[in-house]
Amino acid sequence: MVKNAKKEETLTLIDNRTGRSYEIPIQSGTLRAMDLRQVKIDESDFGMVSYDPAFLNTATCRSAITFIDGDKGILQYRGYPIEELAENSTFVEVAYLLIHGELPSKFQLRVWIQDITQHTMLHENIKKFMDGFHHDAHPMGILVSTVSGLSTFYPDAKNIDDPACRRLQVVRLIGKMPTLAALAYRHSVGKPYVYPDNDLSYSGNFLSMMFKMVERKYNPNPILEKALDVLLILHADHEQNASTNVIRCIGSSHVDPFSAAAGAVATLYGPLHGGANEQVLRMLAEIGSIDNVKGYIDSVKKGERRLMGFGHRVYRNYDPRAKIIKRIAEHVFEVTGRNPLLDIALELEKIALNEDYFVQRKLYPNVDFYTGLIYQAMGFPMELFPVLFAIGRVPGWMAQWEEMLKDSEQKIARPRQIYTGPVVRKYIPLDKRA
Ligand code: CMC
């Protein structure tokens, strides 16, 4: 029995197999899975383990970075509501907040911007590396490989115990990510690579590396530049999502952060995570017209397909990011013209929000439902949508990776299993097998 726990902060557990009772301490509304280990049938028993496929009800860390209340639709970075950050901050400032825990002073922000812009260039060999990819390689595939490739260009990155070295890698990855993304895109369309323009803002420079042609200097449209910056802010962190869990998990082996981040990018690539924005556009194009929306919803209700851009593991309410994105869409479409797929999306949302199937399961539009429409209107090809998500998520990944390393309770991530295979068998030599 665990001693010294106050009565009211414990859970009494009775094991009906043995009749024994246990008092398990409750901390922050949570049980420690290791406290279950004492629950045994006899001394030879390994002890009870908790079973939670896909971490539906398991906290894997304590974190001071992002707060989400999924029922109320609340998202905060370091205590600041996402709506206020989207309205007043820049992406680079939010990156500082996520990494350092506080908003920067004017001086700190100037130094931070200088640091990041100093690291926007890539080693020339990365271009050669990029050239090796097939002409129609998906830019996310290229990004996974080139992010991991950074670890070979910066071998000092493995000094993860040195705070100054860690900071350098964080700044490098935030600085280089848009350059890698733009190069991946230009490679896929056969256009010459464009070098970073450090006179521009973080988002403006990315637009320049993406879309600059023969003009001397690319001047980003300020409305589109601002819209992109806000979209990056909205993607900057989302507590223990699949890709963040992966960067923490890979990082727990104490590998360098580029190798760990490559795993996070790969996780984000999947259609159930950051790849959903690309799938939303494909879905809208497949629906093709408002007249087909009802039929599409019926097939979702029959379980034949999923409504992409809908539903979320933690939000059982409207995703607060989706609300902001809907507003940004209006500004963007004033510049680019209305995306014809918007009407289909609005109709889908209208019908879905009134259908029992979606209401009962609390399925609402998530961050990916409207982003694709904006990106497409801005001229980004569909394959680049998850890449944009990845650029935005880097500060969150890096903040979570560092928090994990500094957390004395963390060790190499190593879950348990319930073995369901055969019991021990006698080996049969090849010539004796049936
Ligand atoms: N369309 C239709 N039915 C759905 C959907 C959907 N998009 N999402 C969930 N459901 C149903 C699901 O079939 C299940 O029904 P039932 O109880 O009858 O079996 C119920 O809702 C619960 O679904 P779940 O799969 O247990 O929920 P989850 O928390 O494991 O999955 C999700 C969350 C985001 C993977 C899922 O909602 C989904 O596949 N959505 C579509 C893909 C998408 O938009 N992903 C982007 C997520 S937001 C950005 C990010 O964080 O990457």
Side-chain angles (χ1 to χ4, degrees), residues 52-58 65-68 70-71 73-75 77 82 140 143 231-248 263-284 286-287 293-326 345 348-375 382 385-397 400:
D52 187 12
F55 305 118
L56 289 182
N57 197 35
T58 294
I65 301 172
T66 290
F67 172 77
I68 298 176
D71 290 329
I74 293 174
L75 169 61
Y77 297 159
I82 191 66
M140 265 316 251
L143 201 63
L231 286 166
L232 294 179
I233 292 175
L234 300 182
H235 287 91
D237 194 49
H238 213 231
E239 50 120 306
Q240 306 312 312
N241 56 88
S243 54
T244 298
N245 180 51
V246 165
I247 198 163
R248 279 179 172 264
V265 179
T267 312
L268 195 72
Y269 192 1
L272 297 188
H273 194 4
N277 50 18
E278 183 180 342
Q279 297 308 321
V280 171
L281 256 272
R282 293 193 192 282
M283 174 186 76
L284 296 176
E286 185 193 331
I287 296 173
V293 167
K294 184 83 185 59
Y296 197 89
I297 295 269
D298 287 344
S299 73
V300 171
K301 280 165 37 188
K302 280 188 217 146
E304 291 166 3
R305 54 185 85 198
R306 285 204 163 197
L307 188 54
M308 299 312 286
F310 256 70
H312 201 279
R313 173 64 58 79
V314 291
Y315 291 120
R316 301 298 177 199
N317 199 327
Y318 214 101
D319 184 333
R321 301 167 299 174
K323 275 192 200 155
I324 301 170
I325 288 167
K326 238 176 136 174
L348 263 179
E349 180 184 334
K350 197 172 87 193
I351 298 188
L353 291 183
N354 289 301
E355 285 279 352
D356 275 355
Y357 176 95
F358 296 91
V359 175
Q360 279 165 8
R361 290 170 178 78
K362 298 188 176 167
L363 301 172
Y364 292 86
N366 60 48
V367 69
D368 289 318
F369 194 63
Y370 287 104
T371 44
L373 291 167
I374 302 177
Y375 295 147
M382 270 190 248
F385 299 174
V387 173
L388 293 162
F389 194 149
I391 297 173
R393 189 52 57 88
V394 167
W397 285 335
Q400 300 268 354

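Every number for a ligand or one of its atoms is a count from 1 in the order of the listing. These numbers come from the heavy atoms of this one structure, side chains and all, not from hydrogens, waters or symmetry mates.
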Between the protein and ligand 1, which nitrogen or oxygen pairs come in under 3.5 Å, and how far apart is each?
residue, atom, partner, partner atom, Å
ligand 1, 1 (N), Leu307, N, 2.9
ligand 1, 3 (N), Tyr357, OH, 2.9
ligand 1, 7 (N), Leu307, O, 2.7
ligand 1, 7 (N), Phe310, O, 2.9
ligand 1, 13 (O), Arg306, NH2, 3.3
ligand 1, 15 (O), Arg361, NE, 3.1
ligand 1, 18 (O), Arg361, NE, 3.1
ligand 1, 18 (O), Arg361, NH2, 2.9
ligand 1, 25 (O), Arg306, NH1, 3.2
ligand 1, 25 (O), Arg306, NH2, 3.0
ligand 1, 29 (O), Arg313, NE, 2.8
ligand 1, 30 (O), Arg313, NH2, 2.9
ligand 1, 39 (O), Arg306, NH1, 2.7
ligand 1, 40 (N), Phe310, O, 2.9
ligand 1, 44 (O), Gly309, N, 2.8
ligand 1, 44 (O), Asn366, ND2, 2.9
ligand 1, 45 (N), Leu272, O, 3.1
ligand 1, 52 (O), His273, O, 3.3
ligand 1, 52 (O), His273, ND1, 2.5

- Only pairs at least two apart or in different chains count here, so list each side-chain hydrogen bond (donor to acceptor under 3.5 Å, both in side chains) that has a residue in residues 264-277. Asn241-His273, Ser243-His273

Anything under 3.5 Å between a donor and an acceptor, one on a side chain of residues 352-364, the other on a protein residue two or more places apart or in another chain? List them.
residue, atom, partner, partner atom, Å
Asn354, ND2, Lys350, O, 2.9
Glu355, OE1, Lys301, NZ, 2.8
Arg361, NH1, Tyr357, O, 3.2

Quick check: closest heavy atoms across [X] and [Y], and the distance to 0.1 Å?
X	Y	result
Ala264	Trp397	CB-CE2, 3.6 Å
Ala54	Arg313	O-NH1, 3.2 Å
Arg306	Val300	C-CG2, 4.2 Å

- Note on the structure: Hits for side chain to side chain donor-acceptor pair (under 3.5 Å) against Tyr375, two or more places apart or cross-chain, chain-then-number order -> none

